[in-house]
*Asks:* 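First the structure, then my questions, so here it is.
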Amino acid sequence: MTDLFRHLRSLCMQGLAGEAELSEPLTNSRVIPILGKTQLVEYANLLIFLRCHACSEEQLTLIDAECARFARVCKKIFATKNSSRGVPENEGLPFQPIETSFSPACVRWLLKNPDLPCEATPLFNSKHGLAELLSLSLNPLIRTDLPADATNDELFAALKIPPRERLRFVIQQLGRTHAVPGFEEQFFHKVGARVRVFYVKHQMKFST
């Protein structure tokens, strides 16, 4: 951990004692070397705190510039699978994939927002969870052509659903089960349905 990093952390703990104390380390923050992977989350939290407590437009400009630099560092780290090893998961870092259990309603909201900078794929704890859903949603004539005891991936392949369209397909099939009250939430809970969100490459905003 660099001296500048320690100083920024100290400012956070003190509640930003003065404007000058913040301006100097941020002005010099360009010399901060790329942090160790285990320090990324702590540094991200520091930047968020600093941005929320900026004392002037000048400070805010400096903090935003450092947030953008930090986002570029994260983009390089998460560009390949191997480079992101050792980084804590699901911490909301820029360009970091997030895996979580969204509700069906939230997933629909994600899919209805074309400007949202993410792509998502469905994951199931149960390898036959999709088969249970399709038994209620698909036309019986189509179901008879599907392989028996097929896994989720095998069913997606048999139906020729590409990876980027699988989440939308699952939600569409859930929409055909309205005759069963509460089935959507019960299904998501039963099969452990999760969504893995990937930020698109051009997204550079550091969320605070």
Side-chain angles (χ1 to χ4, degrees), residues 37-38 40-41 44 71 73-205 207:
K37 294 178 180 179
T38 58
L40 289 173
V41 176
V73 170
C74 289
K75 182 179 182 180
K76 292 179 180 178
I77 292 175
F78 296 115
T80 60
K81 183 177 180 180
N82 291 337
S83 65
S84 62
R85 289 180 178 176
V87 180
E89 297 181 352
N90 289 344
E91 292 291 349
L93 294 173
F95 297 98
Q96 183 186 41
I98 299 175
E99 183 179 316
T100 188
S101 298
F102 288 119
S103 68
C106 184
V107 173
R108 282 196 174 87
W109 180 84
L110 286 169
L111 295 175
K112 288 181 180 179
N113 285 268
D115 295 331
L116 200 67
C118 72
E119 297 173 359
T121 55
L123 303 168
F124 301 101
N125 287 338
S126 169
K127 69 177 182 179
H128 297 294
L130 183 60
E132 180 179 351
L133 170 61
L134 297 180
S135 69
L136 296 173
S137 65
L138 277 185
N139 184 299
L141 294 177
I142 298 178
R143 290 205 308 268
T144 57
D145 293 333
L146 297 177
D149 298 323
T151 65
N152 299 322
D153 288 339
E154 290 170 345
L155 285 174
F156 280 130
L159 293 167
K160 298 181 179 179
I161 309 297
R164 290 188 177 184
E165 294 298 321
R166 290 180 178 182
L167 182 63
R168 189 177 301 276
F169 174 78
V170 169
I171 291 298
Q172 288 173 345
Q173 297 306 308
L174 281 172
R176 297 177 180 177
T177 63
H178 290 313
V180 184
F183 174 78
E184 292 188 353
E185 288 74 16
Q186 292 175 16
F187 172 77
F188 261 45
H189 178 73
K190 181 176 181 179
V191 301
R194 306 181 312 284
V195 176
R196 190 168 178 82
V197 180
F198 301 86
Y199 287 94
V200 295
K201 294 182 179 179
H202 65 267
Q203 169 66 6
M204 288 298 296
K205 187 177 179 180
S207 176

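Count residues from 1 along the sequence.
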*Asks:* Within the distance-only criterion (no hydrogens, no angle test), does the side chain of R194 pair as donor or acceptor with the backbone N or O of E99 below 3.5 angstrom?
*Replies:* no
*Asks:* Determine yes or no for a side-chain-to-main-chain donor-acceptor pair under 3.5 angstrom, with R166 supplying the side chain and I161 the backbone.
*Replies:* yes
*Asks:* Taking the side chain as C-beta and beyond, is there a heavy-atom pair between F169 and L159 under 4.5 Å?
*Replies:* yes
*Asks:* Less than 4.5 Å apart, side chain to side chain, heavy atoms only: is that true for F156 and V170?
*Replies:* yes
*Asks:* Applying salt bridge (Lys or Arg N to Asp or Glu O under 4.0 Å) to E165 and K160, what does each step give before you reach the verdict?
*Replies:* CA-CA 10 Å; E165 294 298 321; K160 298 181 179 179; over 6 Å; no
*Asks:* Considering non-hydrogen atoms only, spot the tightest contact between I98 and G92 and give its length.
*Replies:* CD1-CA, 4.1 Å
*Asks:* Whether the side chain of N152 engages the backbone of G129 through a donor-acceptor N/O pair (distance < 3.5 Å, no angle test) should be reported.
*Replies:* yes
*Asks:* How many angstroms lie between atom CD of Q173 and atom CG of L136, to the nearest 0.5 angstrom?
*Replies:* 10.5 Å
*Asks:* What's the separation between atom CG in L130 and atom OG in S137, rounded to the nearest 0.5 Å?
*Replies:* 8.0 Å
*Asks:* What distance do L167 atom CG and L111 atom CG have between them, rounded to the nearest 0.5 Å?
*Replies:* 5.0 Å
*Asks:* Which heavy-atom pair separates C74 from P94 by the least distance, and what is that distance?
*Replies:* CB-O, 3.2 Å
*Asks:* Does Q96 reach the main-chain N or O of E91 with its side chain, forming a donor-acceptor pair under 3.5 Å?
*Replies:* yes
*Asks:* When rounded to the nearest 0.5 angstrom, what distance separates CG in N139 from CG in L134?
*Replies:* 12.0 Å
*Asks:* Could you check if a side-chain atom of L146 sits within less than 4.5 angstrom of a side-chain atom of L138, using non-hydrogen atoms only?
*Replies:* yes
*Asks:* Please find the pair of heavy atoms, one from E154 and one from D149, that lie closest to each other, and give the distance.
*Replies:* OE1-O, 4.4 Å
*Asks:* Does any non-hydrogen side-chain atom of V107 lie less than 4.5 Å from one of W109?
*Replies:* no
*Asks:* If you measure from CG on L110 to CZ on R108, what distance do you get to the nearest 0.5 Å?
*Replies:* 12.0 Å
